There are 2 protein chains.
Amino acid sequence: MAHGSTRPTSRDVAQAAGVSQAAVSLVLGDKWRGRVSAPTAQRVREAAHELGYRPNLAARNLRLGRTRTVLLVVPALTTEFFAEVYTGAARVAAQHGFGVVLYPSPEGVGPARDPFASAQAALDGIIASSMAADALTAIRGDHLPLVMLDSDPEGSHGATTVNLDIADGIRQVTDHLLTLGHRRFLHLAADIPSWTFDVRARALATRLTATPGTDLRTVSAPISIDAARTATEAALTAPGPRPTALVCDDDKLAAGAYKAARRAGLRIPDDLSVTGLDDLGLATAIDPELTTVRLDAEAFGERGMRALLAVLEGQAPEKGDLPVNLVVRGSTAPPR
Amino acid sequence: MAHGSTRPTSRDVAQAAGVSQAAVSLVLGDKWRGRVSAPTAQRVREAAHELGYRPNLAARNLRLGRTRTVLLVVPALTTEFFAEVYTGAARVAAQHGFGVVLYPSPEGVGPARDPFASAQAALDGIIASSMAADALTAIRGDHLPLVMLDSDPEGSHGATTVNLDIADGIRQVTDHLLTLGHRRFLHLAADIPSWTFDVRARALATRLTATPGTDLRTVSAPISIDAARTATEAALTAPGPRPTALVCDDDKLAAGAYKAARRAGLRIPDDLSVTGLDDLGLATAIDPELTTVRLDAEAFGERGMRALLAVLEGQAPEKGDLPVNLVVRGSTAPPR
DNA sequence: GCTCTCAAGTGTTACGTATAACTACCTCGG
DNA sequence: CCGAGGTAGTTATACGTAACACTTGAGAGC
């Protein structure tokens with residue numbers, strides 16, 4: 001609402017066009033065929049444009065009982081991953097006349113603030129990343145249609161789940177490293193309780209226990225370059241035979257590992273092969289470029305939004321995980 | 001709204017508590033002192049909690065004529081910079097009972113889609129980055145209170161502007177390089193029409209023309225690592241004396257420059273000093289760590305939100321640009 | 001000439017909330 | 001005993017929209 005004069009309503013438009021408010025609603029709602037004559041409709045449209053009329057969305061939402069607005073709950077936007085998820089979701093949403101409101105759960109841990117209080121919006125549904133699960137207690141109160149991203153299909157209390165095939169990505173990474181001849185593995189795990197990271201650990205362990213003669217150690221750190229560096233440095237300087245392959249839960253952790261390797265005097269990939277997961281811009285910014293698993297974040301967001309739209313229309317969402325694929329770059333090589 | 005049963009309204013709560021709907025509104029709106037007895041108020045709160053009542057925001061917004069929601073228009077979220085701006089803005093907003101809806105203008109160029117159609121929200125005001133200026137034509141239609149981030153204070157048609165003191169940042173960078181002994185400069189400029197980048201070019205040129213014996217060339221590229229690499233590589237292999245200092249419009253461009261230098265066989269900082277601007281996480285992920293200008297994106301978002309709140313309350317916003325400061329790391333050294 | 005149908009509208013209502021205006025009861029000072 | 005003032009509520013209304021139910025006039029069909 002402007003400061004000085006109040007903004008025009010459909011009634012003002014009606015008066016300007018010399019028709020009733022109902023006629024304005026019909027015309028602007030594109031439901032006028034057979035109810036209003038073409039010249040009248042044109043007059044209404046002109047009057048609306050003349051006055052700079054914009055429908056009051058609060059009133060429309062109240063009347064219709066739905067908002068065509070969806071909430072996307074993500075962890076803090078510290079990488080571009082969820083920004084791309086948002087882009088994909090918003091694109092599909094726009095095609096269906098929906099809007100997407102982004103709710104990045106506050107950086108710090110602890111139970112998130114009420115997303116509804118923050119994103120003052122009235123909502124039709126929610127898409128939430130499992131990494132922002134602490135926000136979900138507040139969410140589950142309202143039992144809005146809910147789509148969970150990268151979440152345990154079993155433990156999601158009936159919410160629809162949309163997943164990337166992360167396990168397959170880790171299998172591809174592991175096979176790549178095994179084929180190169182690596183046997184001693186270190187897993188740099190993300191120190192965040194989330195199904196999506198459990199999957200990584202499980203897939204890696206499964207593959208390696210099935211391969212005789214291999215060895216796996218694990219170290220974990222919060223997802224930050226500094227924390228990853230510290231944790232990796234400790235692991236690399238620990239007693240015992242040094243691992244030759246370092247599998248990181250994501251690209252950011254890998255970037256931290258690069259710095260640890262450098263400090264420890266190890267060259268990548270000659271002394272240590274490193275892999276990431278995500279394929280962020282960061283992956284090609286560091287030297288050598290990172291061998292990693294490409295996740296199509298936009299497609300992920302699109303799929304999530306399509307699933308939610310399906311739920312809203314009472315249809316069945318698409319099944320199956322989204323494929324991922326290994327991108328081999330310069331950070332992996334046969335062990336010396 | 002849930003699928004099966006309809007969700008409870010304040011009238012349902014009233015009935016459950018044995019009071020009128022008005023009393024419920026008073027109690028839950030915390031305006032009951034002296035109007036409703038304490039035991040009754042308690043009963044109402046219990047009934048509301050029991051039923052899982054959530055006020056219908058569409059109805060509230062309609063009634064109040066304001067939404068306590070603000071739109072933040074930013075360029076695509078390809079770095080964490082605007083994510084942090086959002087964080088700061090959202091924090092201040094939450095303290096005042098406001099929500100922030102994020103509208104990243106679509107990646108592609110061209111006039112942006114109508115932000116209102118996308119973010120279905122009814123809005124009280126707008127904060128917009130000058131880098132997303134193409135979205136503004138649609139915005140200026142509704143004359144909502146508007147705060148512009150990093151925008152020309154003169155040419156903003158009366159919108160409030162909130163700026164970082166980028167010019168001072170560039171001055172600090174330039175002085176640092178001059179003190180180290182550099183005389184031949186290359187400016188890697190962002191190929192985006194925006195006041196914030198004009199400021200950089202002007203500040204750099206001003207400082208260098210005031211310093212006899214210096215030389216400045218300029219090359220520009222879109223803000224992407226690959227584009228920056230290509231442009232820089234061309235400039236570094238051009239005929240004539242090679243620049244010894246490369247001033248980049250932001251950190252991402254600097255990361256591209258690193259790759260160009262590597263390809264050209266130049267070592268940083270021995271053969272070429274490089275500076276960035278932003279201090280993204282990227283700045284410390286690359287090797288050597290980047291000398292850059294630290295922009296406090298969260299403070300920027302906070303300041304922007306406070307300015308908008310001031311405008312909404314008819315007060316005068318804070319004046320003065322936000323300070324920035326040089327962070328010297330390993331990418332700058334005296335020329336050989 | 002009468003009914004029937006159809007086009008082109010209009011009148012009215014409800015969505016759920018916040019609040020202004022009102023009421024009824026009680027207490028207490030004079 | 002009366003009114004002033006406070007307490008504890010209630011009733012009624014408006015916000016702007018969408019859509020249902022209704023009206024009116026004109027022409028078609030017989």
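Please read all numbers here as calculations on a predicted model, not as lab measurements. Below, read A as the first sequence line, B as the second, and so on, with proteins coming before strands; counting in each chain starts at 1.
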Atom-to-atom span, [atom1] of [X] to [atom2] of [N] - whole angstrom:
X: B/N56; N: D/dC15; atom1: CG; atom2: P; answer: 18 Å
X: A/Q15; N: C/dG11; atom1: CD; atom2: P; answer: 13 Å
X: B/N61; N: D/dC15; atom1: CG; atom2: C1'; answer: 11 Å
X: A/R7; N: D/dG16; atom1: CZ; atom2: P; answer: 10 Å
X: A/L26; N: C/dA8; atom1: CG; atom2: C1'; answer: 10 Å
X: B/L57; N: C/dC15; atom1: CG; atom2: P; answer: 18 Å
X: B/K31; N: D/dG9; atom1: NZ; atom2: P; answer: 18 Å
X: A/L64; N: D/dC15; atom1: CG; atom2: P; answer: 19 Å

Per the side chain to side chain contact (heavy atoms under 4.5 Å, CB included) rule, which among B/V74, B/T87, B/L102 passes with B/F82?
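Single pass found, and it is B/V74.
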Selection from D/dT17, C/dT17, D/dT10 that lies nearest to any side-chain heavy atom of B/Y53
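Out of D/dT17, C/dT17, D/dT10, the nucleotide with an atom closest to B/Y53's side chain is C/dT17.
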By the 4.0 Å heavy-atom rule, please label [X] as base, sugar-phosphate, or nothing.
X: B/T9; value: sugar-phosphate
X: A/V24; value: nothing
X: A/R60; value: sugar-phosphate

Determine, stepwise, if the pair B/W195 / B/T161 fulfils side-chain contact (heavy atoms from CB on, under 4.5 Å).
CA-CA 12 Å; B/W195 184 78; B/T161 58; over 6 Å; no
Closest nucleotide of DNA chain D for B/A22 versus for B/L62: which of these residues is on the 5' side?
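Its nearest nucleotide being more 5', the pick is B/A22.
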With nearest nucleotides of DNA chain D determined for A/Q21 and A/R35 from heavy-atom distances, which residue corresponds to the more 5′ nucleotide?
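Whichever sits nearer the 5' end wins; that is A/Q21.
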Taking 4.0 Å as the cut-off, does a side-chain nitrogen or oxygen of B/S10 come that near to OP1 or OP2 on C/dT17?
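Looking at the OP1 and OP2 atoms of C/dT17, one of them is under 4.0 Å from a side-chain N or O of B/S10.
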With a 4.0 Å cutoff (strictly under), does any side-chain N or O of B/S25 reach OP1 or OP2 of C/dT19?
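No, because none of the side-chain N or O atoms of B/S25 sits under 4.0 Å from OP1 or OP2 of C/dT19.
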Upstream residue (5' side of DNA chain C) when A/S37 and B/G29 are each assigned their closest nucleotide
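Nearest-nucleotide comparison on DNA chain C picks A/S37.
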Map A/R43 and B/R11 onto DNA chain C by nearest heavy atom, then report which one ends up closer to the 5' terminus.
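The residue mapped nearer the 5' terminus is A/R43.
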Treating A/T69 as the side-chain partner and A/T67 as the backbone partner, does any N or O pair qualify as donor plus acceptor under 3.5 Å?
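Confirmed, A/T69 side chain pairs with A/T67 backbone.
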Check whether any side-chain N or O of A/R7 sits under 3.5 Å from a backbone N or O of A/G52 as a donor-acceptor pair, and report yes or no.
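No, A/R7 side chain to A/G52 backbone: no donor-acceptor pair under 3.5 Å.
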Close side-chain approach of A/L312 and A/R66, heavy atoms under 4.5 Å
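No, too far: nothing below the 4.5 Å cut-off.
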